[in-house]
Amino acid sequence: MTEQELIARARGAALKAYAPYSGFSVGCAIESVDGEIVTGANLENACYRLGLCAEQSALTTAQHAFGLDKVKRIAVAGGDGSGDALAGAAPVTPCGGCRQAILEAAHLAGRDIVILAASGDGEAVERLTIEAILPHGFGPKNLEDGA
Ligand code: THU
């Protein structure tokens with residue numbers, strides 16, 4: 001799958017977001033090492049702090065579909081999802097909590113994970129890796145010295 005196709009899947013997923021409080025729809029598409037794709041979107045709640053991010057939604061589906069250790073590439077896009085297509089000019093990079101969740105997959109897989117951070121309209125794309133945006137992160141390997 002090309003970068004643009006994976007971003008298109010993330011943009012499409014954002015249209016299924018439930019984001020009535022922020023008005024900011026985020027979609028995420030995850031590709032496995034075998035080319036499988038799963039998607040997710042943010043899911044907000046009247047109790048604001050219980051909202052779920054698109055990345056964590058998609059990572060949960062990835063675990064069920066093929067396992068976190070097979071996550072290869074992730075596309076994220078966010079913006080105004082009220083129209084026929086997601087809109088917005090600024091690339092959306094994963095929040096701190098989502099970076100931690102992506103790092104878990106990277107540590108399980110034993111390799112870095114590519115993140116395509118796209119704008120709502122898909123025109124602007126930042127090519128990142130989890131090691132680059134969460135350097136010196138704490139993950140499952142750090143627990144190896146425990147009892
Ligand atoms: N959001 C995500 O889904 N992923 C991120 O990485 C950043 C933020 C969502 C959470 C909330 O529903 C909305 O965007 C505004 O913060």
Side-chain angles (χ1 to χ4, degrees), residues 1-33 36-142:
M1 177 169 274
T2 67
E3 285 188 354
Q4 276 311 318
E5 283 168 341
L6 195 63
I7 290 165
R9 294 292 296 271
R11 294 181 66 227
L15 298 181
K16 292 181 183 160
Y18 175 68
Y21 305 108
S22 71
F24 193 75
S25 298
V26 184
C28 176
I30 298 181
E31 182 183 47
S32 78
V33 288
E36 264 188 87
I37 309 292
V38 295
T39 59
N42 53 334
L43 185 85
E44 297 184 349
N45 192 278
C47 180
Y48 293 175
R49 69 186 177 83
L50 296 182
L52 181 68
C53 284
E55 296 91 323
Q56 302 217 31
S57 162
L59 282 166
T60 301
T61 306
Q63 167 66 4
H64 285 247
F66 44 74
L68 281 184
D69 59 324
K70 293 221 170 76
V71 171
K72 179 183 169 194
R73 204 161 49 146
I74 297 178
V76 186
D80 179 357
S82 63
D84 289 342
L86 190 67
V92 169
T93 53
C95 77
C98 290
R99 292 177 196 204
Q100 185 70 32
I102 295 167
L103 187 73
E104 184 83 14
H107 278 206
L108 278 183
R111 67 186 128 67
D112 210 352
I113 291 174
V114 170
I115 299 168
L116 303 171
S119 56
D121 61 13
E123 296 294 319
V125 182
E126 288 179 7
R127 287 166 191 80
L128 311 166
T129 68
I130 191 59
E131 293 293 346
I133 65 172
L134 187 53
H136 312 291
F138 183 87
K141 283 186 184 153
N142 295 103

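Quick note: residue numbers are just sequence positions, from 1. Here the structure is a predicted model, which is why all the values come from computation and not from measurement. We count ligands from 1, going down the list as the structure has it; atoms in each ligand are counted the same way.
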Distance-only donor-acceptor hits, side chain of residues 16-28, under 3.5 Å, sequence neighbours excluded:
residue : atom : partner : partner atom : Å
Ser22   : OG   : Phe24   : N            : 3.0
Ser22   : OG   : Glu44   : OE2          : 2.6

Determine all donor-acceptor pairs shorter than 3.5 Å in which one atom belongs to a side chain in residues 54-61; sequence neighbours excluded.
residue : atom : partner : partner atom : Å
Thr60   : OG1  : Gln56   : O            : 2.9
Thr61   : OG1  : Ser57   : O            : 3.3

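Two residues are said to be in side-chain contact when any heavy atoms from C-beta on lie closer than 4.5 Å; Arg9 and Met1 meet this criterion. Residues Ile130 and Asp112 form a side-chain contact, since some pair of their non-hydrogen atoms from C-beta on lies under 4.5 Å apart.
Every residue two or more places apart in sequence or in another chain that forms a salt bridge (Lys or Arg N to Asp or Glu O under 4.0 Å) with Arg127 is listed here: Glu3.
Residue-level contacts of ligand 1 at the 4.0 Å heavy-atom threshold are Ser22, Phe24, Val26, Asn42, Glu44, Cys53, Ala54, Glu55, Thr93, Pro94, Cys95.
More than 12 heavy atoms of other residues, nucleotides or ligands shown are found within 6.0 angstrom of CG on Asn142.
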